[in-house]
Visitor: 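I am attaching a structure below and will ask some questions about it afterwards.
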Amino acid sequence: MLTMEKEKILSLLEKQGAEHFDPYWDALEENLLVAVSYYITNTSPKKHCNIRDVANFLKEESWFKKLSEFFETVSDSQDEKAAYESIAAVSNEIMNGLVAGVLTKADKIPF
């Protein structure tokens, strides 16, 4: 799914936000990464993505609309759709904080 192993990315994100450890936010960040990376790997010609691709996608104004339209076509049985549904259920304020947190942490990850 991701060019780097998912566990490595999540570990790097966790280290960047260790002073604010919160299982709720960690789970949402993981679900956001899973959903966005699945979208990118299935819509990009290069068929893989890395944390920079995820960050660039989240900086697009219409990222959530694109993600929502994509997941309308995905089977309900896929883990990636469940990850998407968990982030789609949060309020706009929580979503904004979630994206801001992921982007802040992603900017600190060395490539």
Side-chain angles (χ1 to χ4, degrees):
M1 175 191 326
L2 293 168
T3 302
M4 297 171 59
E5 305 88 39
K6 181 175 92 170
E7 292 76 21
K8 183 175 180 183
I9 291 173
L10 295 175
S11 173
L12 289 167
L13 286 177
E14 183 178 302
K15 287 178 185 174
Q16 295 302 326
E19 68 276 4
H20 301 294
F21 177 75
D22 183 330
Y24 174 77
W25 287 101
D26 291 346
L28 284 177
E29 286 178 352
E30 179 176 351
N31 286 338
L32 181 61
L33 286 169
V34 168
V36 170
S37 62
Y38 186 73
Y39 168 83
I40 292 170
T41 58
N42 285 281
T43 61
S44 173
K46 60 184 178 178
K47 298 294 179 199
H48 71 278
C49 73
N50 58 41
I51 194 65
R52 182 171 287 156
D53 295 326
V54 170
N56 288 339
F57 178 73
L58 291 173
K59 290 175 184 176
E60 293 180 20
E61 187 174 322
S62 62
W63 75 267
F64 190 74
K65 181 180 180 199
K66 291 178 182 179
L67 198 66
S68 297
E69 289 172 352
F70 171 76
F71 276 102
E72 287 177 12
T73 67
V74 174
S75 169
D76 289 333
S77 64
Q78 295 184 5
D79 292 339
E80 292 83 358
K81 184 158 187 174
Y84 160 75
E85 289 173 346
S86 76
I87 61 164
V90 301
S91 69
N92 285 340
E93 293 81 15
I94 290 174
M95 182 67 76
N96 290 339
L98 176 64
V99 171
V102 168
L103 291 176
T104 298
K105 292 173 185 177
D107 285 343
K108 295 178 183 178
I109 296 174
F111 294 97

Visitor: I'd like a table of donor-acceptor pairs (distance under 3.5 Å, sequence neighbours excluded) in which one partner is a side-chain atom from residues 82-97, with atom names and distances.
Guide:
| unit_1 | atom_1 | unit_2 | atom_2 | d |
| --- | --- | --- | --- | --- |
| Y84 | OH | S68 | OG | 2.9 |
| S86 | OG | N31 | ND2 | 2.7 |
| S86 | OG | A83 | O | 2.8 |
| S91 | OG | E93 | OE1 | 3.4 |
| S91 | OG | I94 | N | 3.2 |
| N96 | ND2 | N92 | O | 3.3 |

Visitor: Could you tell me whether N42 atom CG has more than 12 heavy atoms of other residues or ligands within 6.0 Å of it?
Guide: yes
Visitor: Restricting to non-hydrogen atoms, name the atom on F57 and the atom on V36 that form the minimum distance, rounded to 0.1 Å.
Guide: CD2-CG1, 3.4 Å
Visitor: Rounded to the nearest 0.5 Å, what separates atom CG in L32 from atom CG in L67?
Guide: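 L32 atom CG to L67 atom CG measures 8.0 Å (nearest 0.5 Å).
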Visitor: Hey, are the side chains of L33 and V54 touching, using non-hydrogen atoms and a 4.5 Å cut-off?
Guide: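 With C-beta onward as the side chain, the pair touches.
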Visitor: Between V74 and Q78, what is the shortest heavy-atom contact and its length?
Guide: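 Distance-wise, the nearest heavy atoms are CG1-OE1, 3.2 Å.
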Visitor: For F70, which residues count as a ring-ring contact (aromatic ring centres under 6.0 Å, His included) partner, sequence neighbours excluded?
Guide: Y38, Y39
Visitor: How long is the straight-line distance from NZ of K81 back to CD of E72, given to the nearest 0.5 Å?
Guide: 8.0 Å
Visitor: Go through V34 and D79 one step at a time and tell me if the side chain to side chain contact (heavy atoms under 4.5 Å, CB included) criterion holds.
Guide: CA-CA 9 Å; V34 168; D79 292 339; 5.9 Å; no
Visitor: Would you name the heavy atoms of D53 and I40 that are closest together and state the gap between them?
Guide: O-CD1, 3.6 Å
Visitor: Nearest 0.5 angstrom please: Y24 OH to E29 CD, how far?
Guide: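 Between Y24 OH and E29 CD, I get 11.5 Å after rounding to 0.5 Å.
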